[in-house]
S.K.: 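Can you read through this structure? Questions will come right after.
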Amino acid sequence: MGGGLEGNAIYRAVYGLVVDTLGWASWLAYFIAAMVIILIVVNGVLVLGTLYTWFERRVLGRFQGRLGPNRTGPFGLLQPIADALKLMFKEDIVPRGADRLVFSLAPIVMLVPTLLVLAIIPFGRGSFLADLNIGVLYIAAVGGITTVAVLMAGYASANKFATFGSMRAVAMVVSYEIPLVMALLGVTVLAASMSMVAVVEAQHLPYLLVAPLGAGVFLVAISAELNRNPFDVLEAESELVAGYLTEYSGMKYGVFMLAEFTNTIVAGAIFAVLFLQGWQWTVLSPLGSQVGFLGFLDTGVVRQIESHFWFLFKVGLFAFAATWVRATLPRLRIDQILSLAWKVLFPLSLLNVLVLAVEVIVWPEPSVGDLAIMAAINWPVAGAAFFVAARLVSLGTRAPGLGVGAAVGVR
Amino acid sequence: MTLRTEPVVVSIGPHHPSTHGVFRMRLTFDGENIIDAEPVIGYLHRGTEKLAEERQYTQVITLTDRLDYVSSMTSNQAFVLSCEKLIGLEVPDRGMYLRVIASELQRIVSHLIGVGFFLQELGGFGGTALMYAFRERERILDLFEMLCGARITVSYSRIGGVFADAPADFWPALRRVLDDMPGYTDELEALVFESEIVQSRTKGVSPIDPVLAVNASLTGPVLRASGVAWDWRKAAPYDVYDRVDFDVPVGANGDNYDRFWVRIQEVRQSLRIVEQCIEQIEPGPVRATDAMLFRPPPGDSYVPTESPKGELGFYLVSDGSIAPYRCHVRAPSFINLSLFKEMLVGWKLADAIVSLGSLDFNMGEVDR
Amino acid sequence: MYGLGVLKGFGVTLKNFVRKPFTVQYPEERSVQHPRFRGQEFVWYEDRCTGCASCAKYCPLGIIRIVTDPDGGHEQEGGDYKVEVFDIDQGRCMYCGLCVEACPYDALHMGSTFEGATTRREDLVITMEVLNERPKHPSTWFRPQLEQQAVDPFGGAPVDSGDAGREAYRWHPKRSEDAPGGAGK
């Protein structure tokens with residue numbers, strides 16, 4: 001119950017204000033303070049998500065030798081607002097054949113899991129809503145709901161392109177949940193805990209270095225879950241127009257887009273927590289302890305603020321990398337995506353868990369040195385595994401086979 | 001219990017992000033697999049052939065601009081070649097060289113766009129390669145602007161040569177483009193053709209058998225990708241193609257990958273041709289006659305040319321008047337579409353889009 | 001299938017990321033058109049025009065309308081007609097330049113601009129008055145017969161943009177210095 005919040009300065013300030021100044025009951029104070037924090041977190045992340053729409057378009061523009069949006073406000077920073085305004089004033093069309101209720105619910109179902117995940121992400125030193133002891137499992141559980149939203153949208157639109165998109169989504173996400181969970185399992189084994197905070201604190205070395213295989217599998221699987229290149233077969237602009245979004249317009253479309261971009265930010269946050277030491281890293285506090293007159297830098301408040309900065313920095317790195325991938329890679333075909341999941345990622349993630357489990361038996365509660373030894377073992381293993389997988393598995397195209405339709409006799 | 005499944009008919013186009021204009025495909029799907037495909041064309045029909053019968057020979061040049069609007073220079077050239085044969089005009093050397101330089105630059109432009117769209121159709125977000133291709137295309141269009149004052153609808157060729165000599169600032173600008181182009185082509189090749197994802201998506205997909213390709217009268221890069229080294233610039237050289245040295249790149253498998261690979265190789269060959277033309281070109285008149293009105297003797301003519309899309313030719317019949325009695329366009333884009341069904345059936349939707357793109361057709365030419 | 005090609009692709013995009021963007025920011029920055037650019041704002045010299053209507057005849061779309069008065073003070077046969085109406089319907093014009101090429105008296109030239117958008121179709125018809133009043137920035141897209149005359153715009157010497165009343169032509173800097181592959185050479 002609110003285990004994580006006591007360490008947070010804003011929470012303590014609001015709590016103190018309500019209890020001491022107003023003299024209200026402590027449960028009410030807890031409620032109000034928690035609400036304030038939730039408000040800040042949800043809105044903060046949504047704003048980050050909208051900012052990411054701008055960021056991605058700018059960066060993508062540069063990757064493509066263009067400028068990207070630069071007309072609205074300085075550097076085009078107000079572009080998300082302009083987009084939102086435009087979408088709001090657009091007519092909200094529900095197609096005639098559509099299932100109205102499901103059609104309207106889908107955007108909400110899409111956005112909610114994104115926000116639910118925020119509950120357990122430690123944004124900084126002592127800044128998290130809940131330190132759930134099954135945090136990692138919670139991510140996997142909540143993250144899967146997005147598929148339902150895509151399926152709802154595709155089914156309710158009564159559009160063939162949308163149906164194609166949502167069918168692909170289900171096939172793909174169901175396949176990629178498994179390597180994703182396996183990759184998360186590797187982290188759990190290493191940290192000996194499912195709590196996100198514990199994972200961060202156990203990372204004396206970034207798990208990206210310790211478990212490269214797990215990190216790689218996680219990155220591939222998460223970009224499939226996020227429907228980003230090279231796995232964006234759901235929307236597949238060149239094939240399916242806009243996939244499951246084809247019939248959406250106005251703010252419903254806007255919510256989908258917001259959820260999609262916020263998802264990327266949240267995925268970046270998860271990656272930062274699980275593989276990049278979360279909020280850890282600090283520059284200011286050693287500076288403060290070394291240089292006399294900068295002593296104020298070594299205080300708790302500064303440390304907390306700095307931890308937020310590093311966290312955001314890591315999320316930004318992930319966002320940049322995601323954009324880079326999007327600018328470079330074309331899409332895989334749906335059958336190739338599925339065979340990648342089952343033939344490559346699934347065995348690799350199993351291997352990852354196996355190796356890490358053995359190592360953890362040898363070095364229980366690993367220190368920095370132990371982790372370094374693990375990294376020294378895991379990198380060659382990862383390289384060899386990748387090499388073998390690349391040799392054995394071909395994603396190439398086989399000769400066409402006519403399926404059921406040929407038997408039906410349509411030709 | 002068995003689930004009853006039904007094929008689904010999906011109409012892709014006429015308005016769709018990757019149908020190259022207003023082209024419509026009626027595809028029948030069994031899941032993701034295509035079991036029937038039917039092209040529906042005619043959305044961009046403008047009656048070019050009929051319009052040509054109502055216009056003087058010189059005026060028809062402006063119509064040819066609008067056939068294949070990404071390679072107007074070659075269309076212009078094909079038409080005037082046919083007219084010259086009809087009239088019996090000798091074209092001065094400089095005019096022929098300028099025409100060849102212009103058409104080879106146009107070929108580069110056309111192939112760049114084809115290859116750029118390739119990555120777009122494979123799903124590269126926002127078409128990174130397409131943006132790079134457009135950037136280079138822009139520089140070549142600047143050259144066209146210097147030559148003839150227009151960028152797309154050029155109308156540069158004239159019966160008996162070209163409209164006018166290149167301005168003096170054209171040559172250094174051309175030099176600059178030629179210097180930059182190979183490095184750029186390498187870059188595009190690294191981005192598109194070496195990517196394993198692209199290779200796994202396109203190698204072995206929708207192969208066209210060389211015999212089938214010849215029987216279906218396919219021409220251009222689509223035919224050459226199947227391994228048939230047939231190029232009108234070699235087979236029946238027009239203008240000055242017999243004076244320059246170049247290779248005809250040929251594919252091995254005739255699959256989607258080869259069809260685009262042939263195009264990027266042709267860009268390099270076109271650069272070679274332009275280089276040689278610059279060396280060989282000499283001062284002189286660029287146009288045999290200033291006349292704009294022609295009354296060719298009654299008869300007919302047809303000169304096959306190698307446009308970026310394939311064999312482009314204008315079959316002209318003259319009755320001795322100032323306008324062609326009949327003008328038929330042998331449009332490569334249209335005839336290359338004839339294997340549409342054979343290429344698509346059995347493959348998946350994602351492949352169909354790429355196969356379609358690999359034909360690199362242009363609706364302006366298909367529908368005329 | 002070791003992903004090396006994919007890595008190369010990442011390298012290409014990164015190289016382009018650090019390169020300057022190619023975009024010319026249109027309303028603020030403009031790339032200069034070549035003097036030969038066939039643009040809007042036709043230039044017509046009333047004193048040179050004889051009303052022969054060659055331009056109207058060679059226009060593939062027939063958008064030039066000329067009404068002449070044979071008795072317009074030029075009684076002698078072979079003299080000029082008095083041009084009463086000279087309308088060019090730019091709404092249908094495709095700027096092919098055949099009218100300019102056809103004019104035996106150099107009375108008609110292509111213009112320079114490309115920003116002639118109007119809100120009504122009728123405004124696209126440019127009349128004699130407009131043609132006479134507007135500043136004259138002719139394109140150097142002349143008819144080739146000039147080569148045999150005293151005026152020789154293509155005689156080898158570079159066309160001076162100043163002669164045509166236009167800004168000196170240069171490639172936009174974004175299209176030359178930062179050209180791809182140019183820096184590495």
Side-chain angles (χ1 to χ4, degrees), chain B residues 51 55-56 58-63 65-66 128 131-132 134-136 138-139 142 145-151 153 155 158 161 163-170 173 176-177 179-188 190-200 283 285-287 290 292-293, chain C residues 1-13 15-16 22-24 31 33-39 54 57-61 94-98 101-102 110 139-148 153-159 169-172 175-176 179-185:
Chain B
L51 286 173
R55 275 163 180 70
Q56 301 159 22
T58 312
Q59 291 178 341
V60 178
I61 294 171
T62 61
L63 296 177
D65 283 341
R66 286 149 182 85
T128 306
M131 289 296 157
Y132 299 163
F134 268 119
R135 184 179 60 196
E136 296 310 302
E138 205 56 20
R139 289 151 55 87
D142 279 351
E145 191 184 311
M146 290 178 180
L147 275 179
C148 61
R151 302 165 71 82
T153 50
S155 299
R158 286 288 185 276
F163 160 70
D165 203 347
D169 50 358
F170 172 77
R176 209 150 47 194
V177 169
D179 287 345
D180 291 345
M181 214 57 197
Y184 167 71
T185 316
D186 289 341
E187 213 172 73
L188 196 67
L191 178 65
V192 177
F193 291 92
E194 291 186 23
S195 165
E196 275 88 354
I197 294 183
V198 172
Q199 291 182 2
S200 65
V286 295
R287 197 168 165 175
D290 288 344
M292 292 182 72
L293 194 65
Chain C
M1 294 299 250
Y2 301 116
L4 287 178
V6 171
L7 285 184
K8 247 185 183 173
F10 277 115
V12 170
T13 41
K15 207 161 108 195
N16 280 286
F22 191 68
T23 317
V24 180
S31 49
Q33 265 63 49
H34 192 267
R36 223 176 239 195
F37 177 66
R38 311 197 299 245
S54 284
K57 263 180 253 164
Y58 282 99
C59 176
L61 300 165
M94 56 184 179
Y95 304 97
C96 62
L98 284 181
E101 196 178 333
M110 303 300 290
S139 160
T140 55
W141 170 271
F142 294 105
R143 60 199 184 80
Q145 289 94 320
L146 287 177
E147 281 178 31
Q148 280 100 51
F154 313 119
V159 180
Y169 179 72
R170 62 193 163 81
W171 258 17
H172 196 277
R175 297 198 182 150
S176 47
K185 287 191 177 288

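Naming: A, B, ... by sequence-line order, numbering from 1 per chain. Hydrogens, waters and symmetry mates are skipped; everything else that's a heavy atom, side chains included, is used.
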S.K.: Would you mind checking which part of Thr185(B) comes under 4.5 Å of any heavy atom in chain C, side chain (CB onward), backbone (N, CA, C, O), both or neither?
M.R.: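 Interface part for Thr185(B): neither.
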S.K.: With a 4.5 angstrom heavy-atom cut-off, could you sort out which part of Tyr132(B) is near chain C: side chain, backbone, both or neither?
M.R.: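 It is the side chain, since no backbone atom gets that close.
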S.K.: Applying salt bridge (Lys or Arg N to Asp or Glu O under 4.0 Å), can you list everything that pairs with Lys57(C), at least two apart in sequence or on another chain?
M.R.: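 With neighbours one apart ignored, the set is empty.
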S.K.: According to side-chain hydrogen bond (donor to acceptor under 3.5 Å, both in side chains), who are the partners of Thr13(C), at least two apart in sequence or on a separate chain?
M.R.: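 Trp324(A), Thr328(A).
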S.K.: Using non-hydrogen atoms and a 4.5 Å limit, figure out which bit of Leu63(B) sits close to chain C: side chain, backbone, both or neither.
M.R.: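 Neither part.
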S.K.: Any carboxylate oxygen within less than 4.0 angstrom of a Lys/Arg side-chain nitrogen, looking at Glu136(B) and Arg139(B)?
M.R.: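 Result for this pair is yes, salt bridge flagged.
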S.K.: Would you give the length of the straight line joining atom CD1 of Ile61(B) to atom CZ of Arg55(B), rounded to the nearest 0.5 angstrom?
M.R.: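 The CD1 atom of Ile61(B) sits 13.0 Å away from the CZ atom of Arg55(B).
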